[in-house]
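Worksheet: one structure, shown below.
Atoms within a ligand are numbered from 1 in the order they appear, just like the ligands themselves. Just so it is clear, the model here is predicted, and its values are computed rather than measured.
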Amino acid sequence: MLNADTIAAVATAPGRGGIGVVRVSGKSVSSIALHILGKVPEPRSATLSFFLDECVEPLDQGIALFFPGPNSFTGEDVLELQGHGGPAVLQLVLSRCLKLGARIAEPGEFTQRAYLNDKIDLAQAESVVDLIDAASAEAARSAMRSLKGEFSRLIYELVEAFINLRMLVEATLDFPEEDIDFLEAAGAGEKLNSIKNNISDVLKTARQGSILREGLQVVLIGQPNVGKSSLLNQLAGEEVAIVTSIAGTTRDAIRQQIKIEGVPIHIIDTAGLRETQDQVELIGIERTWHSINQANLAILVIDAAQGLAESDQKILDKLPASLPVVRVFNKIDLQQRVASAESEEQTTDIFLSAKTGEGVSLLHDFLLQTAGWQPSGEGVFMARERHLVALHTAMQHVEHADNCWHQLELLAEELRLAQASLNSITGEFSADDLLGEIFSRFCIGK
Ligand code: GDP
Ligand code: ZN
């Protein structure tokens, strides 16, 4: 891999900024540096330089950084040209690199090379995207923990434990006179149990990380003026600035997002769900129903003095039967009622005041609980659905294994499958199509 062709891309976000970075990686880096800078810069130190065109005229002036492989992000020779952050000037510098033999990098290709050259494993590579895309401080922190390898370390420890146990089992298989008593004496049962507990602990933390990434899809229902906006603002608390209407067409479903303790709550507003003949509006309505069918929870806001409106009931009747509903009776301050929460089967009633804030914490806690979030998010690392599935699969094989103590071939096979599933998280022995799938979701320049 160290001899791969040379790739280049603008690594900073599109648009204008104080600084813009062109990143180059591959075997032609020194020769490109020689032409653009007039010399190969001192490794690992900031060099102020002109970036020159083919007539030795400056295209820009900035800082050049040279990281000879293998001690670089990609493991190859890497050059970073930090110039002025304007789209035109960055394109000039990039074009110059391309003329000197680089080609435009594919999305995620720098990170992919880092992975292929063993600088990081697959879970770490994924956390590069998660860190960049993190929409809250908590999400960024947990992505950073994964990038540092904390998640991977737990997986490697589990894999170690599997290798240990499998050696015992395979050894027993090789010596037919040995049997279950031998395994028992060697503590195989306890080893399997401890693996089971460890997978379950990792799953718990990983699930928290996945909640930080995915959040909760919530359907918001209620008449005008019952206090929906006030309630969202109260829930978002300090982070009120994050309450945004995501622009679609005006007739499309209105989506908002707030964060509660870093957990994204995606809100689907049903305000647009009225009866209409308008074709465009109908498309928007259909889209809203599509999102509703994938939601985790519905919040119905009711003015406590007025009770449930007929049109709210109509929407409620059309919701999927499995969707939990929380009915919020708002404006209790006008009724001298105290805040309370009562749950019954699929429905929870919460009495609160979005104006005074009384009882809002009840809804706050209820939402986090529905999301599966445990408020002490200490040590949470970023994880993806793919990781959760792999951990679940490993757990299933371990449980099968535990029923096979009298069929050692089966036991060995189940342990092998469990370990293979864990290996797919960090990318050992991962299929090429999985790699392509993961890296193609990156932006260019990463
Ligand atoms: P929305 O149309 O459902 O989003 O409702 P708003 O949040 O815009 O609130 C409508 C009006 O009701 C505003 O004047 C709010 O100040 C008021 N309001 C909202 N919640 C409360 C509450 O708990 N108590 C009282 N007294 N007024 C409220
Ligand atoms: Zn991105």
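Atom 21 (C) of ligand 1 lies below 4.0 Å from at least one non-hydrogen atom of the protein. There is a protein heavy atom less than 4.0 angstrom from atom 27 (N) of ligand 1.
Closest to atom 5 (O) of ligand 1, if we only count protein heavy atoms, is G227 N, 3.0 Å. The single protein non-hydrogen atom nearest to atom 2 (O) of ligand 1 is N225 N, 2.8 Å, given as residue, atom name and distance. For atom 12 (O) of ligand 1, the nearest non-hydrogen atom of the protein is K331 NZ, 3.2 Å. If you check which protein heavy atom lies closest to atom 3 (O) of ligand 1, you get K228 N, 2.7 Å.
Checked for salt-bridge contact, E126 and R213 miss the test: no charged N lies under 4.0 Å from a carboxylate O. Comment: E413 engages R416 in a salt bridge, judged by a side-chain N to carboxylate O separation of less than 4.0 angstrom. Ion pairing of R113 with D77 is absent here, as no side-chain N (NZ or NE/NH1/NH2) approaches a carboxylate O to less than 4.0 Å.
Counting heavy atoms under 4.0 Å from ligand 1, residue D333 touches it through the side chain alone.
Counting the atoms of ligand 1 from 1 in the order shown, those under 4.0 Å from a heavy atom of L334 are 26 (N). Taking every heavy atom of S230 and a limit of under 4.0 angstrom, the matching atoms of ligand 1 come to 6 (P), 7 (O), 9 (O), 15 (C), 19 (C).
A side-chain donor from one of D317 and Q313 sits under 3.5 Å from a side-chain acceptor of the other. Counting only N and O atoms by type, the side chains of S28 and T6 include a donor and acceptor under 3.5 Å apart. A donor-acceptor pair shorter than 3.5 Å can be found between the side chains of D121 and S152.
For the pair H397 (side chain) and A394 (backbone), a donor-acceptor distance under 3.5 Å is absent.
Here the shortest heavy-atom distance to atom 8 (O) of ligand 1, taken over S353, S229, P224, A305, belongs to S229.
Looking at ligand 1, you won't find any N or O of L231 less than 3.5 Å from one of its N or O atoms.
Under a cutoff of 6.0 Å and an axis angle of 45°, R96 and F51 do not form a cation-pi pair.
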